[in-house]
Amino acid sequence: MTFHPRPEAGEPQPWAFPAPERATLSNGLTLLRCHRPGQQVVAVEINLTAPLDAEPEGLDGVATIMARALSEGTDKHTAEEFAAELERCGATLDAHADHPGLRVSLEVPASRLAKALGLLAEALRAPAFADAEVDRLVRNRLDEIPHELANPQRRAAKQLSKELFPASLRMSRPRQGTEETVARIDSAAVRAFYEAHVRPATATAVVVGDLTGIDLDAVLADTLGAWTGDTAEARPVPPVTADDTGRVVIVDRPGAVQTQLLIGRIGPDRHDRVWAAQVLGTYCLGGTLTSRLDKVLREEKGYTYGVRAFGQVLRSTADGKGASMLAISGSVDTPNTGPALEDLWKVLRTLAEGGLTDAERDVAVQNLVGVAPLKFETAASVAGTLADQVEQELPDDYQAQLYAQLAETGTVEATAAVVKAFPADRLVTILVGDAALIEEPVRALGIGEVTVVSN
């Protein structure tokens with residue numbers, strides 16, 4: 001019998017986050033392209049400079065309705081026809097609005113890229129915004145709001161934003177609007193917002209995937225390159241201010257068997273030199289099942305299925321006017337709300353007093369840096385990250401540099417960053433639960449003034 005030789009492992013190859021090629025189309029549209037051999041599903045991300053703070057007063061949610069309406073029919077196709085054309089391409093199209101701007105996402109097989117880009121360009125340059133379609137989207141959004149308020153996580157997030165930010169700042173209010181503001185939105189308001197903010201000169205397109213045999217320049221010239229519009233002055237960006245005075249707000253839900261926790265404050269954005277160390281330290285605190293918080297609250301005490309600490313960029317600008325949300329989130333059973341919070345604060349104080357261990361730091365680096373090649377296996381993950389960099393005014397090599405910084409960050413630096421990010425006396429705590437059962441135990445902890453609000 002002839003045996004084939006046993007395969008041997010090859011030499012590990014160095015990996016770095018893909019570097020895009022940057023260009024500008026004749027209509028002013030900025031282009032980032034990234035050829036990824038083997039990734040036959042091409043991902044396209046369009047960044048539109050239409051931030052939530054640009055919404056007219058009293059019309060919170062108009063950016064969201066506009067985003068949803070972009071694929072609800074064009075001058076050439078009705079909503080049904082447009083959806084059918086996308087389906088024939090095997091493509092998916094999605095759009096959403098957030099504080100930095102509006103994002104349109106397309107995924108399509110490489111063989112049908114030209115057709116799908118044509119449909120995307122049509123949606124961007126000639127949306128119908130028909131009265132009936134916009135009215136339907138408004139009704140759908142109004143139907144969603146009660147369900148969101150019934151969700152403890154969403155309710156906690158809404159209350160934290162209201163507590164942290166001044167009422168004059170758009171970040172203090174729900175991203176997708178309230179029942180009152182959404183009910184005012186009509187097709188005229190949607191079109192006015194579109195005409196004021198959607199134009200190629202202030203937009204960026206990111207194209208990632210296997211572009212073998214595709215003349216991307218020619219395809220873009222016939223599709224996104226045919227999109228025209230005027231230029232616009234850069235909008236002034238209001239600075240992000242917040243009040244993180246230590247306090248507790250209980251959103252009363254009589255009879256709730258669990259209490260939803262959301263503890264937060266604002267911190268620096270990704271332009272700050274501390275960001276890498278903060279990411280590393282926060283991961284050690286609550287980024288995985290083996291983190292400090294989970295070891296105590298989940299493994300030792302059994303209060304919860306899991307607690308997570310994280311940093312989420314709200315807005316990032318090169319001029320230092322950005323901010324991130326630093327938060328701890330989880331849920332515990334109602335009777336143990338007080339003990340769980342007491343132990344959580346003990347974890348924070350112990351961390352400040354004794355610091356992280358080298359073993360914790362090493363595991364965090366291995367998990368954050370070691371999995372990066374798997375995390376970016378798909379074109380969509382690469383395109384989304386590149387679009388984030390554009391949206392946050394970061395250089396094209398930012399992600400690659402971040403992984404290098406994470407690998408080089410020491411235990412002392414990570415400890416200092418996470419202790420500064422989560423000071424035990426400067427945290428706003430939101431509890432969604434039964435106030436009659438949890439108010440007194442929480443007051444006894446002395447972690448801040450306690451206020452109860454209705455659901």
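Sequence positions, counted from 1, serve as the residue numbers for this chain.
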Derivation of the salt bridge (charged side-chain N to carboxylate O under 4.0 Å, His left out) call for Arg136 and Glu72:
CA-CA 10 Å; Arg136 178 178 60 80; Glu72 296 289 334; 2.4 Å; yes
Aromatic plane relationship, Phe193 with His197 - under 30° parallel, 30 to 60° tilted, over 60° perpendicular
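Tilted: the ring planes of His197 and Phe193 meet at 30° to 60°.
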Name the orientation class of the two ring planes belonging to Phe376 and Phe17 (parallel below 30°, tilted from 30 to 60°, perpendicular beyond 60°).
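The rings of Phe376 and Phe17 stand perpendicular, inter-plane angle above 60°.
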Tell me whether [X] at atom [atom1] has more than 12 heavy atoms from other residues, nucleotides or ligands lying less than 6.0 Å away.
X	atom1	value
Arg33	CZ	yes
Glu87	CD	no
Gln366	CD	no

Is the side chain of [X] donor-acceptor paired with the backbone N or O of [Y] at a distance under 3.5 Å, no angle test?
X	Y	answer
Asn27	Leu224	yes
Thr74	Glu122	no
Asp294	Gly306	no
Arg315	Pro100	no

For a side chain to side chain donor-acceptor pair (under 3.5 Å) check, start with the C-alpha distance between Thr288 and Ser291, then their side-chain angles and the critical distance, and finish with the verdict.
CA-CA 5 Å; Thr288 183; Ser291 67; over 6 Å; no
Arg265 side chain reached by Ser324 side chain, heavy atoms, under 4.5 Å:
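When only atoms from C-beta onward are counted, Arg265 and Ser324 do not touch, as no gap falls below 4.5 Å.
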Compare all side-chain heavy atoms of Lys115 with those of Glu85 and state whether any distance is below 4.5 angstrom.
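Side-chain contact under 4.5 Å: yes.
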Please report the C-alpha distance between Arg175 and Asp60 in whole Å, then the side-chain angles of each, then the deciding distance to 0.1 Å, and finally whether the salt bridge (charged side-chain N to carboxylate O under 4.0 Å, His left out) criterion is met.
CA-CA 8 Å; Arg175 286 173 168 82; Asp60 290 358; over 6 Å; no
Roughly how far, to the nearest 0.5 Å, is [atom2] of [Y] from [atom1] of [X]?
X	Y	atom1	atom2	answer
Ile266	Asp269	CD1	CG	10.5 Å
Glu55	Met66	CD	CE	9.5 Å
Gln153	Leu262	CD	CG	9.0 Å

Name the one of Thr64, Val198, Ile46, Leu70 that satisfies side-chain contact (heavy atoms from CB on, under 4.5 Å) with Leu102?
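The side-chain contact (heavy atoms from CB on, under 4.5 Å) with Leu102 is passed solely by Leu70 among Thr64, Val198, Ile46, Leu70.
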State whether a side-chain donor-acceptor pair under 3.5 Å links Glu163 with Gln159.
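A pair is found: one side chain offers a donor N or O, the other an acceptor, under 3.5 Å apart.
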Show your working on salt bridge (charged side-chain N to carboxylate O under 4.0 Å, His left out) between Asp186 and Arg191 and close with a plain yes or no.
CA-CA 9 Å; Asp186 57 18; Arg191 180 161 293 281; over 6 Å; no
Verify side chain to side chain donor-acceptor pair (under 3.5 Å) between Gln40 and Asp210, making sure each step is shown before the conclusion.
CA-CA 5 Å; Gln40 293 297 321; Asp210 192 333; 3.0 Å; yes
Full working for side chain to side chain donor-acceptor pair (under 3.5 Å) between Thr385 and Gln399
CA-CA 8 Å; Thr385 299; Gln399 193 67 33; 5.2 Å; no
